[in-house]
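Before any comments, here is the structure.
Note that this is a predicted model, so its numbers are computed, not measured.
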There are 2 protein chains.
Amino acid sequence: MAPESTYNRRERPAKPALTREGIVAAAVAVMRAEGVERVTMRRLARELDTGAASLYVYVKDTEELHAAVLDELLAEVELDGAGDWRERLWAVLGSYRSVLFAHPSLARVALVTRLSGPRFLALVEAVLALLDEGGMAPGQAAWAVDVLLLTATAAAVEHGSRRERPGAAREHEVMAESLAGVSSRTHPHIAALGTDLVSGPGPVRARWAFDALLNGALATPRPDPGETR
Amino acid sequence: MAPESTYNRRERPAKPALTREGIVAAAVAVMRAEGVERVTMRRLARELDTGAASLYVYVKDTEELHAAVLDELLAEVELDGAGDWRERLWAVLGSYRSVLFAHPSLARVALVTRLSGPRFLALVEAVLALLDEGGMAPGQAAWAVDVLLLTATAAAVEHGSRRERPGAAREHEVMAESLAGVSSRTHPHIAALGTDLVSGPGPVRARWAFDALLNGALATPRPDPGETR
DNA sequence: ACCTGAACACCGTTCAAGT
DNA sequence: ACCTGAACACCGTTCAAGT
């Protein structure tokens, strides 16, 4: 319990040091193995051979810990690519989405927490650079990056939540059924579109949304700040 | 559900019946008073003078219960308005956002769960009707409604989470600081835009995003389904 | 300053047993 | 068929007490 002598420390070399870095590293390991929902104070404390209370010296709360784990993961986002600026931007956002798809429970964290870690900043910088290359006005780009990342994140949350749970496969069916079962008298537009509302492979829809958003952002000037509304 | 004698019902008028409706009603009440995070099986069971296990006869799990509560809340969304189709659509989405803003924790539910309740269908129908009125091609409208609701929901999640927690006010500062503290050598575009990245009142940004999305959706045809990719 | 055990106040879900 | 208590396997966070 009191490692006064050096040999005592050598006895458990696998145990990470109780530092913020050590805690985050353990958290990443648990997350990769079992998902973020297992990244809890108590579980991490067990992992680090200590009590949950000890972690509060290094980490504000569970949410802050999750945000740190997420930023660590964003290191995997591929920021460099080849081709047209639009294709490269699509690739960057696709890579971001892939990372979140691979860890669906983290996508939730991305939406709820305001990210500000180094990897996230690198991602924002990369997106801004590509929008600049594409000739988007700076003011529009500043606001567009938000919407682009938001939709990518939200798409990952949806997709991820759907895939994660066991009963999720047929939850989509329930949705499709409730759309099909709708009366053309009360819901004429839904009835007219039918399953087209949920049709199409995810990637194709995502690409259309990306193009639509980008086209709109390029063509829509920001409101005059002088206007009261 | 089978009230054989009237006096029996009179004896405990405050206690809702143990039916799906009763459970959902109690859930809505708890949610309004204390937020969805308090809408738990155990808490509801206490409210209904029974054990948590009993609820599983009527409700699949906690998530399904939350979805039911959310649909109940969507009754408050104002679907009819005056003016231009675009202004009316903006009003409908604004009303949807307001409802979620008022109950931030429910916005999270809206993103994670695939909604299919009657109020949600009414909302989708209303949006489709307005897009139709605005002359958007049906195929584009079918996909645009998804993106429009998604961004509104995601915005509510962000805003809501920010306002909800105590330390949230200065979380925005942390973000602003980390943007301001960025080196113009490593992150030139972020540095150039500075606080403009997080600038502007929420509603103005939301309106710009709405217009950009709508303009883009109107101008971006869906990919030819004949194409392999 | 850092670490700890114990405590407080909770969770979701399952299941054998009752009615 | 419906309802129940008890059990299993967990949570986040605080705090007095130790080193």
Of Ala52(B) and Ala53(A), the one whose closest nucleotide on DNA chain D sits nearer the 5' end is Ala52(B)
Tyr56(B) has its side chain closest, among dG12(C), dA7(C), dT14(D), to dG12(C)
Atom CD of Glu64(A) and atom P of dG12(D) are separated, to the nearest Å, by 14 Å
If the plane angle is over 60° it's perpendicular, under 30° parallel, otherwise tilted; pick one for Trp143(A) and Trp208(B).
perpendicular
Quiz item: In whole Å, what separates the C1' atom of dC2(D) from that of dA16(C)?
Solution: 15 Å
Winner on side-chain proximity to Met41(B), out of dG5(C), dC2(C), dT13(C), is dT13(C)
When both distances are under 3.5 Å in a Watson-Crick or G-U wobble arrangement, the nucleotide paired with dG5(C) is dC15(D)
Quiz prompt | salt_bridge(Glu64(B), Lys60(B)) N-O dist < 4.0 Å | solution = no
In whole angstroms, the gap separating P of dG12(D) from CD1 of Ile23(A) amounts to 13 Å
- Message: If you compare every side-chain N and O of Thr62(A) against the phosphate oxygens of dT13(D) (OP1, OP2), does one of them come in below 4.0 Å?
- Response: yes
**Report entry** Glu34(B) with Arg43(B): basic N within carboxylate O range, under 4.0 Å
**Finding:** yes
- Task: Identify whether the distance between the nearest side-chain nitrogen and carboxylate oxygen of Glu72(A) and Arg32(A) falls below 4.0 Å.
- Result: no
Whole-Å distance, Leu44(A) CG to dT13(D) P, equals 13 Å
Exercise. Phosphate oxygens OP1/OP2 of dC3(D): is one of them under 4.0 Å from a side-chain N or O of Tyr58(B)?
Worked result: yes
- Does a nitrogen or oxygen in the side chain of Thr40(A) sit under 4.0 Å from OP1 or OP2 of dC10(D)? no
Winner on side-chain proximity to Arg43(A), out of dT14(D), dT13(D), dC11(D), is dC11(D)
In whole angstroms, the gap separating P of dC3(C) from CG of Asp49(A) amounts to 13 Å
* Answer with base, sugar-phosphate or nothing: what part of the nucleic acid does Arg46(A) contact at a heavy-atom distance below 4.0 Å? => sugar-phosphate
Correct closest heavy-atom pair for Leu121(A) and His187(B) would be O-CD2, 3.8 Å
Donor-acceptor under 3.5 Å (Thr151(B) side chain, Leu148(B) main chain): yes
dC10(C) -> Watson-Crick or G-U wobble partner, both distances under 3.5 Å, gives none
In whole angstroms, the gap separating C1' of dC2(D) from CG of Leu55(B) amounts to 12 Å
Arg38(B) CZ to dA9(C) C1', in whole Å, measures 10 Å
Rounded distance in Å between the P positions of dA9(C) and dA9(D)
25 Å
Between CD of Glu37(A) and P of dC10(D) the distance, given in whole Å, is 14 Å
Whole-Å distance, Asp61(B) CG to dT14(C) P, equals 9 Å
The residue, Gly51(A) or Arg42(A), whose nearest nucleotide of DNA chain C is more 5′ is Gly51(A)
